[in-house]
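The structure appears below as structure tokens.
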Amino acid sequence: MEKPLAGKIALVAGATRGAGRGIAVRLGAAGATVYVTGRSTASRRSEMNRPETIEETAALVDEAGGRGIAIGVDHLEAAQVRELVARIDAEQGALDVLVNDIYGAPIEWGKTVWESTLDTGLRTLRLAIDTHAITSHFALPLMIRKPGALVVEVNDGTTAYNSENYRVSFFYDLAKTAVNRMAFALGHELKPHGGTAVAVTPGWLRSEAMLDAYQVTEENWQDATKVQPHFAISESPAFVGRAVAALAGDADVARWNGKSVSSGELAREYGFTDLDGSRPDCWRYLVEVQDPGKPADVTGYR
């Protein structure tokens, strides 16, 4: 099997579940050595109180054909992130791909800034923004030793969508606007070193938590459309994983520098599909079908 990322070293920060896990596995399938980090390990759970662990993700990377290395890290703790990067340097001497997918915060839906629980809102900002900044601060000096570094900021919503639409609540809206801007800023800072930063958003993600919420599995996920018809546009974590793997394997990835793109856009560009062979284009669907209140119909959108 072709391994376009053989010999490449990646760090997926926030790889316990969801998009992070999907990305780590697909980077591994392309042959990369993938360091997977998060707060949920075999010995402890994060505040999300979910059963998934980074050790499970590392095992899935191995099964896919790569090498997975699980390290428990709280990316709000600068000392832990510094130690992580020092370990990658000592073991590999390089870091080619950084995926900032760290979040894991509770969300208060539909609350104004004055209705929100202040501690919860500020915690959202810290987990969604500070973690990314701390990780980039320590990882980028290792990455810019040679040209070709790729930083992927994983987000919810493109810059175009988020700039025109209120996202859930004051604190969530602010967080998801900031992550796209991080990719823009990092793109400017990496360009002189031959590096690239891109913000990538999946669509309506069939994460473990989302499947649990609808009481379905990846095998029968379409049953959830009986409850929420627009769930028909949803995508598996493998889809955004394939998007990031395609970016990492693109010799001309610099054309995306500083931009914000969706998994659906990248699927059209690189020709990959989701697990079922479709190409869901969620963000175009949201704008053209769901947000205007039209009946669910994914014809032409996947």
Inset, instruction - Verify the cluster assignment for Val152 and Leu5: are they in a single hydrophobic cluster under the rule of side-chain heavy atoms below 4.5 Å apart? - result: yes

Inset, instruction - Treating Ile, Leu, Val, Met, Phe, Trp and Tyr as nodes and any side-chain heavy-atom pair under 4.5 angstrom as an edge, say whether Val154 and Tyr35 lie in one connected cluster. - result: no

Legend entry - Contact summary for Ser207 and Gly18, nearest pair of heavy atoms: CB-CA, 4.1 Å

Inset, instruction - Check the side chains of Arg279 and Thr273 for a donor-acceptor pair under 3.5 angstrom, ignoring hydrogens and angles. - result: no

Inset, instruction - Mark yes or no for whether Arg21, through its side chain, and Thr16, through its backbone, hold a donor-acceptor pair below 3.5 Å. - result: yes

Legend entry - Closest heavy-atom pair and its distance - Ile129, Ala178: CD1-CB, 3.6 Å

Inset, instruction - For the residue pair Gln222 and Thr225, confirm or rule out a side-chain donor-acceptor distance under 3.5 Å. - result: no

Inset, instruction - Classify the ring geometry between Tyr270 and Trp256 as parallel (under 30°), tilted (30 to 60°) or perpendicular (over 60°). - result: tilted

Legend entry - Polar contact flag, side-chain donor to acceptor under 3.5 angstrom, Tyr172-Glu108: no

Inset, instruction - Evaluate the criterion side chain to side chain donor-acceptor pair (under 3.5 Å) for residue pair Ser263 and Glu235; output intermediate values, then yes/no. - result: CA-CA 9 Å; Ser263 49; Glu235 62 196 58; 2.6 Å; yes

Inset, instruction - Using distance alone, with no hydrogens and no angle criterion, decide if Asn100 and Glu153 have a side-chain donor and acceptor under 3.5 Å apart. - result: yes

Inset, instruction - Examine the side chains of Ser278 and Arg302 and answer whether a donor and an acceptor come within less than 3.5 Å of each other. - result: yes

Inset, instruction - Please check if Met143 and Val81 belong to a single hydrophobic cluster, counting links between Ile, Leu, Val, Met, Phe, Trp and Tyr side chain heavy atoms closer than 4.5 Å. - result: yes

Legend entry - Straight-line distance of Leu11 CG to Asp96 CG, nearest 0.5 Å: 11.5 Å

Inset, instruction - Say whether Val99 and Met182 are linked into one hydrophobic cluster, either directly or through other cluster members, by side-chain heavy-atom distances under 4.5 angstrom. - result: no

Inset, instruction - Establish, from distance only, whether the side-chain atoms of Asp156 and Tyr161 form a donor-acceptor pair under 3.5 Å. - result: no

Inset, instruction - Sort and list the pairs that fulfil salt bridge (Lys or Arg N to Asp or Glu O under 4.0 Å) and have at least one residue in residues 176-193, not counting sequence neighbours. - result: none

Legend entry - Donor on one side chain, acceptor on other, Ser40 and Glu52, under 3.5 Å: no

Legend entry - ILVMFWY cluster, Ile88 and Val151 together (side-chain gap under 4.5 Å): yes

Inset, instruction - Over 60° means perpendicular and under 30° means parallel, so classify the ring planes of Tyr214 and Trp204, tilted if in between. - result: tilted

Inset, instruction - Consider only side-chain N and O atoms of Asp119 and Thr117, and report whether a donor and an acceptor are under 3.5 Å apart. - result: no

Legend entry - Nearest heavy-atom neighbours spanning Ala139 and Leu98: CB-CD2, 4.0 Å

Inset, instruction - Evaluate the salt bridge (Lys or Arg N to Asp or Glu O under 4.0 Å) criterion for residues Arg206 and Glu218: first the C-alpha distance (whole Å), next the side-chain angles of each, then the deciding distance (0.1 Å), finally the verdict. - result: CA-CA 7 Å; Arg206 294 197 298 274; Glu218 182 59 31; 2.7 Å; yes

Inset, instruction - Would you please say whether a donor-acceptor pair under 3.5 Å links the side chains of Ser236 and Asp274? - result: yes

Inset, instruction - Please check if atom CD in Glu83 has more than 12 non-hydrogen atoms from other residues, nucleotides or ligands closer than 6.0 Å. - result: no

Legend entry - Neighbour count >12 (heavy atoms, 6.0 Å) for atom CZ, Arg67: no

Inset, instruction - Could you tell me which non-hydrogen atom of Pro280 sits nearest to which non-hydrogen atom of Ile233, and how far apart they are? - result: CB-O, 3.5 Å

